[in-house]
Amino acid sequence: MDALAEAVSTLSRELALVCAADGTITWADARAAALLGLTLGEPLEALAPEDQRPKLRTFLAQAAAGAAGVGSEAWELNLCVKDRPTCFAFRACRLGKEEHGAGHSVLLVGSLVPEDYAHVLEQVNENLSELATLHRQSERQQRELSRRADELLRLNAELAESNQGVRSLHAALDEKAETLQRTAEVKSRVVANVSHEFRTPLHSILGLAKLLLNPSNGSLSQEQEKQVQFIRNSAESLYELVNDLLDLSKAESGKAVLRPRRFQLSEHLSALRGMMRPLLPEGSPVELRVVLPSGEQELELETDEAKLSQVLRNLVSNAAKFTEAGSISVSAERAERDVVLFHVRDTGIGIAPEHHERIFEEFSQVENPLQGKVKGTGLGLALARKLAEVLGGTLTVQSAVGAGSTFTLAIPRVHPEVAEMAGLSERAAKLDPTRAPVLVLEDDRQTLFLYEKYLQRSGFQVVPVRTVDDARAAMQRIRPAAIVLDVMLEGETSWGFLAELKQGESTRDIPVLVVTITDREQKARALGADEFWLKPVEGKKLLSKLSALARVGPVDKVLIIDDDEVHRYLLRQVLRGTPYVLMEAATGPEGVRLAREEAPQLIFLDFVLGEHTAFDVLDDLKADPRTRDIPVILHTSHQLAEHEHARLAKETAAILSKHTLSKEVAIGRIRDALNKAGLGPQQQPPHTSGDREPSRG
Ligand code: ADP
């Protein structure tokens, strides 16, 4: 074999062999012989791995049954090459002549399938089966997902339904609460009015009875005297009832005025002992013991002493009514969290547990043998409990029939509102120069706190006052951006104050928002109110109204003349959220024009403006009577020469360095400048020379 033939044989992947009908190899070409290491006469099957043999047999049988000389499809079959199964693509074709009736021989031509191809095929196979598994999995997941989506849709629908339900429930509840609130208010108002009306004729009856009983006004017959005594006693009972009702309605409507003051516990208790002594005089079968604290136990309280006394008196007088013999003791002790506990113990008839809550209800009395003998309205404990709440505490009872009773009043040593109020007034006294003050005249502390909360993070600062006098005093100190006015105050109205404000030359421009519980819009408007609202006030609404109102008045317009866009931007940011309206000019002439047309209250002027300087602008401004008096704050990063500084100090209200720009400084200077020009609110401290700030360094 020449070299070429050898080379071809090395590269060729083909081999050929012939099998007899029984599958034995009858002929093989040299490559087949060499590659497979076969021996003629051995069955081809012997060369195939066990698992391939049926396939090989089928292939041979099909080829033998086919038409002579027609090539079959290619089959992939494994044969062992040096004991390693190797894949061949075989095509076969029947040979024409039959061998002695033993069937046809078959020619097989095989092509060696490259190993990598086989490997790739295997890989593809593997991947395919993996893909199939994945596909099955993803199908399963898809089904699960769609099931969940359905579930979600259903849940969503259910949720929407429940939401709807909750919302309508809320609306219904809101409505109910409102109705209840209104009813309670009406009730309180009616009770308060009626009680007031009762007191006048009762005064007359009592006075007349006293007059009749006075022997110097002529004597009565014994019978008449007895009758007048009855009238007097009944009138006194009625008077007490009316007073209780009045107190109760006040406490209920939150109108009870808290008058906190500082006092010593021992002094309070000894005063109580003095007041209660006539109830249980010497020799009475019931002894009154008031345990006075001494030394370490002494306490200083800061709360409404009168209300505390009213509660304790009520408890002691009840104890006296329902104790026939034994003792009544009053004591006090300090408990955790700065709470003071007052105990009123008696050795009286006691109260069955099922009545422990009922006795605190209005007009409720417990059936007992003593009830008929004593005076009472069933209002005492209801009032005492309400007062305890007003004091920020609770009133409870421990008792059993026949075992006496102990009433315990627990109140904070310092009334919570004392501390809160102190904080509020303190904060209001310290005016924040970055916020516009809003004077709020409101006698209800809670509402004041609410206003403060509403305006907490706004450009407004609440200056709280609780009486008209306080409001007048505050007006001496500040010029608010707006005023919120409650009309119905404790013991006074603020109609007069509103009229004063709106008639005053210097105050009529301050917007006033009247907020009250009764619809007196016409009157409020007639007196000059800028807005009228019924209580309660909503935070968002208040803020947007105040912002709008504060703009209606004579708003301070501030003009910025600066050729540097970034500096204008910075100044704008610094003055954001303040009540000033800003205008901007990028050149000197533009600034002068705006100053003439818009008449700003103040100008921020940069020193270097392109080809102009602040002096050019100042000259132009001074030359025109319309702009001559507008205060100018020089705002510059330019290092001023001595003579420049001297001249500017004369012609401007302040010189401000851009390096030290901050909200506080800017607003402080604006207010100073406005005050100096007689334009601004008076709340700023007087301008001092130290306020001038050269821009060096
Ligand atoms: P009243 O004007 O009838 O005393 P109160 O509200 O003060 O009204 O008390 C309600 C009821 O509670 C009393 O009528 C009485 O039945 C019961 N009660 C109050 N204090 C005592 C007490 N210390 N011992 C027994 N019963 C009491």
Side-chain angles (χ1 to χ4, degrees), residues 187 191 195 198 202 233-252 256 269 272-273 275-280 284-291 306-332 341-391 393-411:
K187 179 190 138 192
V191 170
S195 311
F198 269 131
L202 273 173
N233 288 349
S234 303
E236 267 172 359
S237 296
L238 198 55
Y239 193 69
E240 236 166 68
L241 171 71
V242 166
N243 277 345
D244 279 358
L245 266 176
L246 200 58
D247 285 350
L248 195 64
S249 93
K250 261 197 208 160
E252 264 177 354
L269 289 179
L272 181 77
R273 182 169 57 186
M275 276 186 274
M276 299 321 284
R277 201 170 277 137
L279 215 61
L280 301 157
S284 112
V286 182
E287 185 197 357
L288 176 65
R289 294 188 201 138
V290 177
V291 186
K307 290 191 177 58
L308 172 63
S309 174
Q310 198 175 348
V311 176
L312 294 177
R313 279 194 322 257
N314 190 296
L315 296 178
V316 174
S317 79
N318 269 353
K321 280 196 271 181
F322 299 103
T323 307
E324 288 181 298
S327 66
I328 297 168
S329 70
V330 182
S331 63
L341 301 179
F342 292 88
H343 305 287
V344 178
R345 287 195 187 88
D346 66 52
T347 55
I349 57 171
I351 306 157
E354 64 267 29
H355 295 137
H356 284 186
E357 271 314 302
R358 240 198 63 209
I359 53 170
F360 291 103
E361 287 167 15
E362 292 163 37
F363 300 108
S364 78
Q365 294 178 323
V366 180
E367 270 309 308
N368 65 50
L370 291 181
Q371 198 71 70
K373 294 189 215 159
V374 296
K375 278 210 293 191
T377 56
L379 280 179
L381 285 176
L383 176 60
R385 184 169 258 187
K386 274 272 142 32
L387 288 175
E389 282 164 16
V390 172
L391 293 176
T394 55
L395 177 62
T396 50
V397 66
Q398 274 183 311
S399 180
V401 175
S405 314
T406 301
F407 284 84
T408 301
L409 169 71
I411 56 165

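Ligands are counted one by one from 1 in listed order, and the atoms in each one are counted from 1 as well.
Formation of a donor-acceptor pair under 3.5 Å by the Thr323 side chain with backbone atoms of Ala325 is not found in this model. In terms of modelled atom types and a separation under 3.5 Å, the side chain of Ser405 and the main chain of Asp346 share no donor-acceptor contact.
For atom 3 (O) of ligand 1, the nearest non-hydrogen atom of the protein is Gln365 NE2, 2.7 Å. Nearest to atom 16 (O) of ligand 1 among the protein's heavy atoms is Gln371 OE1, 2.9 Å. Of the protein's heavy atoms, Asn318 ND2, 2.8 Å lies nearest to atom 7 (O) of ligand 1. Taking atom 21 (C) of ligand 1 as the reference point, the nearest protein heavy-atom neighbour is Phe322 CD1, 3.6 Å. Scanning the protein heavy atoms around atom 17 (C) of ligand 1, the nearest turns out to be Ile359 CG2, 3.9 Å. Atom 23 (N) of ligand 1 has its closest protein heavy atom at Asp346 OD2, 2.9 Å. Thr377 N, 2.9 Å is the protein heavy atom nearest to atom 2 (O) of ligand 1. Nearest protein neighbour of atom 5 (P) of ligand 1, counting heavy atoms only, is Leu381 N, 3.5 Å.
Proximity of Ile351 to ligand 1, defined as any heavy-atom pair under 4.0 Å, is confined to the side chain (atoms from C-beta onward).
More than 12 heavy atoms of other residues, nucleotides or ligands shown are found within 6.0 angstrom of CD on Glu354.
Residue pairs meeting the side-chain hydrogen bond (donor to acceptor under 3.5 Å, both in side chains) criterion with at least one partner in residues 380-391, sequence neighbours excluded, are Glu357-Arg385.
For the pair Ser399 and Gly404, the tightest heavy-atom approach, listed with the atom from each and the gap, is OG-O, 2.9 Å. Between Leu280 and Ala320, the shortest heavy-atom distance links the atoms CD2-CB, 4.1 Å.
In this structure, the side chains of Phe342 and Leu312 come closer than 4.5 Å at one or more pairs of heavy atoms.
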- request: Run the numbers on Val290 and Leu288 for side-chain contact (heavy atoms from CB on, under 4.5 Å), then give the verdict.
  value: CA-CA 7 Å; Val290 177; Leu288 176 65; 4.2 Å; yes
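Under a 4.0 Å heavy-atom criterion, Lys321 is in contact with ligand 1. Residue contact annotation: Phe360 has no non-hydrogen atom under 4.0 Å from ligand 1.
Ligand 1 places these atoms under 4.0 Å from at least one heavy atom of Gly380: 5 (P), 6 (O), 7 (O), 8 (O). Taking every heavy atom of Val366 and a limit of under 4.0 angstrom, the matching atoms of ligand 1 come to 16 (O).
With Gly378, Ser405, Ser364 as candidates, the residue nearest to atom 11 (C) of ligand 1 on a non-hydrogen basis is Ser364.
Between the side chains of His343 and Thr408, at least one donor-acceptor pair of N or O atoms lies under 3.5 Å.
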